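Below: one structure, written as structure tokens.
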There are 2 protein chains.
Amino acid sequence: MKIRAPKYEQIAEEIRKRIRDGIYQPKTAIPDQNTLAKEFGVSRMTIKKSLDGLSMAGLIYTRRGDGTYVLGDIPLKIDTNSPAQKHTGLTAELGSRLSSQVIQFTTIMPTEELMEHLKINHDEPVLNIIRLRLVNKEPYVLEHTYMPKKLMPNLNNRVLKHSIYNYLEKDLNLKLGGAYRKIHADFSNNLDIRYLGSQPNDPILEVEQVAWLQNGIPFEYSFSRNKYDTRSYTVLDINPANA
Amino acid sequence: MKIRAPKYEQIAEEIRKRIRDGIYQPKTAIPDQNTLAKEFGVSRMTIKKSLDGLSMAGLIYTRRGDGTYVLGDIPLKIDTNSPAQKHTGLTAELGSRLSSQVIQFTTIMPTEELMEHLKINHDEPVLNIIRLRLVNKEPYVLEHTYMPKKLMPNLNNRVLKHSIYNYLEKDLNLKLGGAYRKIHADFSNNLDIRYLGSQPNDPILEVEQVAWLQNGIPFEYSFSRNKYDTRSYTVLDINPANA
DNA sequence: TAGTGGTCTAGACCACTCG
DNA sequence: GAGTGGTCTAGACCACTAC
């Protein structure tokens, strides 16, 4: 079923493996692009494209006129947490350890705010969903989700108990384009206290999100509320400067 | 002083301008790559590289076999906030509205945690700095920063009142490579209450960061504490899927 | 089938680092 | 000056969409 990946991805994967296996050591140079091109039997542009990807992922860095070096591990990264850049949803991330409890599932007419975020008219109904996601049966995050009903014709409780993203991609054959997120801190509200088990004064980490399909149509406005001590968001930020 | 930018960047800038000016409208296709290649007098690969950049920035999207389309504005984006991906520091972002108050500036020996985050030995001293950053004279963020002393030979109060990043790039001629950030929510502590003016039970948005130079050497471990109602972090997340 | 974007080549020139 | 990475070309083939 899986078509073969482009050469530059295969090569990137092989180099990634060599770094992982210690064949290419941190702080040391890897072979130059011409040598790699010969080794893999491809042109140098293809090698360059592989290296660009690894560079964006923070595994290597290049110095024009000098060489390409392996970048050591990032210290903070060892405590694994949810990357703020993610396109898969919680289900893919946590698999069978994740379960979901549907707290609310209604259809409403959009507020001004929802009309703006989802780019819809006042007469287009919106699904209003509240789900508690649990990891190993422990409350993990409380998700408030709004989606245009017209995009989700057969969304039902069975889907909500599993993955909305799978439903989008497998059943509706729609492709996720991207998301824009805002991360705040907030007080616990009554729902947080009731479902997440927060204490009244506990801080909450809230991730507000607008997500859209590949064609640019917004399909979800949501905010996810996490207990302050169970989750943090992580961001890797590579400086593309070559100046 | 500024060398001319590569063609693909110049072209990307021109296309960006056309989108901004409404010459290329949201949801509509822009000219195909061959047409653009002719118009700009470059090869198609160069056009492709321009479009890749715009695609990563969330301005356009491409559909193989179909065309390239302009992606409309992202709703949440209108309230401007600090992008979680940033390489410039607060000074570049806020300019003259920003001022800094140095609360603490000492040299310490590293803890186990600092040795790990900064990848240094137990006998290498560390600068320990606490700064309150103010915007329009209002408390904005309380920054706790740790940096290896050997990397910052002449760091002084004058620098701390302005920009550490400028000092790095201009005075020391070092280049920022990247940063890894973890974003949490937390309770206010005594320093937050005293300097940020938090109430005792106010939530705090904390950004913990390890930053390194282009050669991979970590130069800063810091955590920045923000009042819950004055700042949020934003992340743009584009799905690179072509599957 | 025609037209699109994605990949890849073989070579070229340039900018830069280092000895 | 030798060697490196960054850019760019002119063309080719492929995968995919729409008709």
Side-chain angles (χ1 to χ4, degrees), chain A residues 1-13 15 24 28-56 59-71 173-175 177 213-215 238-243, chain B residues 1-13 15 24 28-56 59-71 173-175 177 213-215 238-243:
Chain A
M1 208 60 200
K2 180 87 174 184
I3 312 294
R4 86 163 190 298
K7 287 185 188 177
Y8 71 88
E9 276 186 25
Q10 296 178 34
I11 293 168
E13 190 44 52
I15 294 174
Y24 298 153
T28 66
I30 73 175
D32 68 88
Q33 296 181 358
N34 282 310
T35 304
L36 288 171
K38 267 182 208 135
E39 187 204 323
F40 288 104
V42 300
S43 77
R44 187 161 77 93
M45 290 259 352
T46 301
I47 294 293
K48 179 62 166 52
K49 192 152 191 195
S50 303
L51 297 182
D52 278 348
L54 297 174
S55 188
M56 290 301 296
L59 273 77
I60 60 174
Y61 70 101
T62 57
R63 290 214 324 146
R64 187 200 197 97
D66 184 4
T68 301
Y69 297 83
V70 177
L71 203 49
N173 203 27
L174 296 174
K175 277 175 191 148
L213 303 170
Q214 276 199 341
N215 58 10
I238 304 294
N239 188 357
N242 313 306
Chain B
M1 207 63 200
K2 179 90 174 181
I3 312 293
R4 84 163 191 300
K7 288 185 187 176
Y8 71 88
E9 275 185 26
Q10 295 179 34
I11 293 168
E13 190 46 51
I15 295 174
Y24 299 153
T28 66
I30 72 174
D32 68 88
Q33 296 181 357
N34 281 310
T35 305
L36 289 172
K38 268 183 207 136
E39 187 204 324
F40 288 104
V42 299
S43 77
R44 188 162 76 93
M45 289 261 347
T46 301
I47 294 295
K48 178 61 166 51
K49 191 152 191 196
S50 303
L51 297 182
D52 279 347
L54 297 173
S55 189
M56 289 302 295
L59 272 78
I60 60 172
Y61 70 100
T62 56
R63 291 214 325 146
R64 187 203 199 94
D66 184 4
T68 301
Y69 296 84
V70 178
L71 203 50
N173 203 26
L174 296 174
K175 279 174 189 148
L213 303 170
Q214 275 198 343
N215 58 10
I238 304 292
N239 188 358
N242 312 306

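The figures here come from the full heavy-atom set of this structure, side chains too, leaving out hydrogens, waters and symmetry mates. Please read these numbers as outputs of a predicted model, since none were measured by experiment.
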Verify the contact: side-chain N or O of [X] to OP1 or OP2 of [N], cut-off strictly under 4.0 Å; return yes or no.
{"X": "Thr62(B)", "N": "dG6(C)", "value": "yes"}
{"X": "Lys7(A)", "N": "dT9(C)", "value": "yes"}
{"X": "Ser43(A)", "N": "dG11(C)", "value": "no"}
{"X": "Lys48(B)", "N": "dG5(C)", "value": "no"}
{"X": "Gln33(B)", "N": "dG3(C)", "value": "no"}
{"X": "Thr68(A)", "N": "dT4(D)", "value": "no"}
{"X": "Thr46(B)", "N": "dT7(D)", "value": "no"}
{"X": "Tyr8(A)", "N": "dT7(C)", "value": "yes"}

Is any side-chain N or O of Arg44(A) under 3.5 Å from a base N or O of dG6(D), one able to act as donor and the other as acceptor?
yes
Closest approach to the side chain of [X], judged atom by atom: which nucleotide of [options] is it?
{"X": "Arg64(B)", "options": "dC16(D), dT7(C), dA10(D)", "answer": "dC16(D)"}
{"X": "Met45(B)", "options": "dT7(C), dG6(D), dC8(D)", "answer": "dT7(C)"}
{"X": "Asp66(B)", "options": "dA18(D), dC16(D), dT7(D)", "answer": "dA18(D)"}

Any side-chain donor near an acceptor of the partner, Ser55(A) and Asp52(A), under 3.5 Å
no
Write down the distance between [atom1] ([X]) and [atom2] ([N]), rounded to a whole number of angstrom.
{"X": "Lys175(A)", "N": "dT17(D)", "atom1": "NZ", "atom2": "C1'", "result": "11 Å"}
{"X": "Arg63(A)", "N": "dA15(C)", "atom1": "CZ", "atom2": "P", "result": "18 Å"}
{"X": "Ile47(B)", "N": "dA10(D)", "atom1": "CD1", "atom2": "P", "result": "13 Å"}
{"X": "Asp32(A)", "N": "dC18(C)", "atom1": "CG", "atom2": "C1'", "result": "15 Å"}
{"X": "Tyr69(B)", "N": "dT17(D)", "atom1": "OH", "atom2": "P", "result": "12 Å"}
{"X": "Asn34(B)", "N": "dA10(D)", "atom1": "CG", "atom2": "P", "result": "13 Å"}
{"X": "Gln214(A)", "N": "dT4(C)", "atom1": "CD", "atom2": "P", "result": "20 Å"}
{"X": "Lys49(B)", "N": "dA10(D)", "atom1": "NZ", "atom2": "C1'", "result": "18 Å"}

Here the gap from Thr35(B) atom OG1 to Gln33(B) atom CD, rounded to the nearest 0.5 Å, amounts to 10.0 Å
Return the CG to CD1 distance between Leu51(B) and Ile30(B), rounded to the nearest 0.5 Å.
5.0 Å
Any idea which heavy atoms bring Thr46(A) and Tyr8(A) closest together, and the distance?
O-CB, 3.8 Å
Strictly distance-based, threshold 3.5 Å: is any side-chain N or O of Gln214(A) a donor or acceptor partner for the main-chain N or O of Leu174(A)?
no
